[in-house]
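Read through the structure below, which is laid out as structure tokens, and then see the notes.
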2 protein chains.
Amino acid sequence: MPENPLALEHQVCFALAIASRSVIALYRPILEPMGLTHPQYLVMLALWEFEPVSVKDLSGMLQLEPATLSPLLKRLESSGLLRRDRDARDERSLAVALTDKGRALRNEALKVPPAIVAGLGMDIDELMQLHERLTRVIAAAKNHSED
Amino acid sequence: MPENPLALEHQVCFALAIASRSVIALYRPILEPMGLTHPQYLVMLALWEFEPVSVKDLSGMLQLEPATLSPLLKRLESSGLLRRDRDARDERSLAVALTDKGRALRNEALKVPPAIVAGLGMDIDELMQLHERLTRVIAAAKNHSED
DNA sequence: CACTAATCGTTAGTGTACTAAACATTGCTA
DNA sequence: TAGCAATGTTTAGTACACTAACGATTAGTG
């Protein structure tokens, strides 16, 4: 163990924060021509896979507060990528669905993951191992945050 | 490889973003009684180790834009934890230094890392391996963002 | 020595991200 | 069936985080 437990270089939270920001920074120039920010891209990934979904379900999938999603979805709506309609059977709930333009954008998005992997220049193997370890931390953080 | 390259669950950037937010969320209730947010905590770590430092040096250490640090440092100053004085030899530069109150807070902070490790309930070994992999992604993202 | 270029920090503007509180709708129950 | 708790969404307020543009200081050059 290091002599200084508060050494910046040894903090996992510091490495996590910088890794997250650094990788998202790689996405920026690729997503920008598509008119998307990174959180908006994640929302679109969820919609391409599971559309239509409620705000509550999106909140669960993306681990984002509804209060964060609400303005984000409005921006995507005003970009013409999705529609926000009230669920007829439960007017409390909002059904978020893609427009044709939103569906069409998926073809552009197919180029994104290869571009990122090439930009990182890392082995797929190593990325998968990182993904596995991240999944484990996420689970650990979730389990113990309910005490 | 997965059949759907845009599957949300397989995106490393998604796991990174959630892991970062989840772990930071663990810090929140621990840092809140100390009057710190997580980014402010990282700044304090840097100061406890390297004080006094300029905004530019902090920006390099924490990989944050000066424009992000500027208001953050002002908040820490108004909390009475640090001082912001112009460097006498180069009036462009700002010397960020701790106050006695800021130095004293380090004793409180010593309790933070053990509390987090206990909260996560993970092996130190696994955390160190994660740290190593994160360091490698950070390096990869940095190297290839200069093209 | 004057003038230009580079450096450093701040401000302005957009977009997350959180907590807390407000609002509306639904469904249960007395 | 009238009222009330539960559910789902939005708003308000604070704090990052980024890009671009600005102002002040310093350094370099003809």
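We name chains A, B, ... by the order of the sequence lines, and we start the count at 1 in each one.
- Where DNA chain D meets chain B (any atom under 4.0 Å from a heavy atom), the bounding nucleotides read 5' to 3' are D:dA15 to D:dT26.
- When heavy atoms are screened at a 4.0 angstrom cut-off, B:P39 is found touching the sugar-phosphate backbone but no base atom.
- If you measure from atom CZ of B:R86 to atom P of C:dT7, you get 17 Å, rounded to the nearest angstrom.
- Between the CG atom of B:D57 and the C1' atom of C:dG9 there is a distance of 13 Å, rounded to whole Å.
- With rounding to the nearest 0.5 angstrom, the CD atom of B:Q40 is 11.5 Å from the NE2 atom of B:H38.
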>> For A:F50 and A:L58: C-alpha separation, side-chain torsions, deciding distance, then whether side chain to side chain contact (heavy atoms under 4.5 Å, CB included) applies.
In response: CA-CA 9 Å; A:F50 303 112; A:L58 272 178; over 6 Å; no
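- The distance from atom CD of B:E65 to atom OG of B:S59, rounded to the nearest 0.5 Å, is 6.0 Å.
- Contact annotation: A:K74 does not reach the phosphate of C:dG15 (side-chain N/O to OP1 or OP2, under 4.0 Å).
- Between A:E91 and A:R86 no salt bridge is recorded (no basic side-chain N to carboxylate O distance below 4.0 Å).
- Ring geometry for A:Y41 against A:Y27 counts as tilted: the plane angle lies between 30° and 60°, on a 0 to 90° scale.
- Among the heavy atoms of the strands, none lies under 4.0 Å from B:L69.
- Taking CG of B:L98 as the reference point, atom CG of B:L47 lies at 5.0 Å (rounded to 0.5 Å).
- Interatomic distance, CG of A:L94 versus CG of A:L69, reported as 11.0 Å (0.5 Å rounding).
- Considering only residues two or more places apart in sequence or on other chains, A:R106 meets the salt bridge (Lys or Arg N to Asp or Glu O under 4.0 Å) condition with none of them.
- Within residues 42-53 of chain A, no residue has a heavy atom under 4.0 Å from DNA chain D.
- Atom CD of A:Q40 and atom P of C:dA17 are 10 Å apart (whole Å).
- Residue pairs meeting the salt bridge (Lys or Arg N to Asp or Glu O under 4.0 Å) criterion with at least one member in residues 122-131 of chain A, sequence neighbours excluded: A:E126-B:R133, A:E126-B:R136.
- A donor-acceptor distance shorter than 3.5 angstrom exists from the side chain of A:S78 to the backbone of A:R75, with no hydrogens or angles considered.
- For residues 41-59 of chain A, the set of pairs meeting the salt bridge (Lys or Arg N to Asp or Glu O under 4.0 Å) definition, not counting sequence neighbours, comprises A:E51-A:R103.
- Taking atom CG on B:L16 and atom P on C:dA17, their separation rounds to 13 Å, with Å as the unit.
- Between B:R84 and C:dT10 there is a side-chain N or O to OP1 or OP2 distance below 4.0 Å.
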> Which letter, B, S or -, goes with each nucleotide of nucleotides 18-27 of chain C from 5' to 3', with contact meaning a protein heavy atom under 4.0 Å?
Replying inline: BBB----BS-
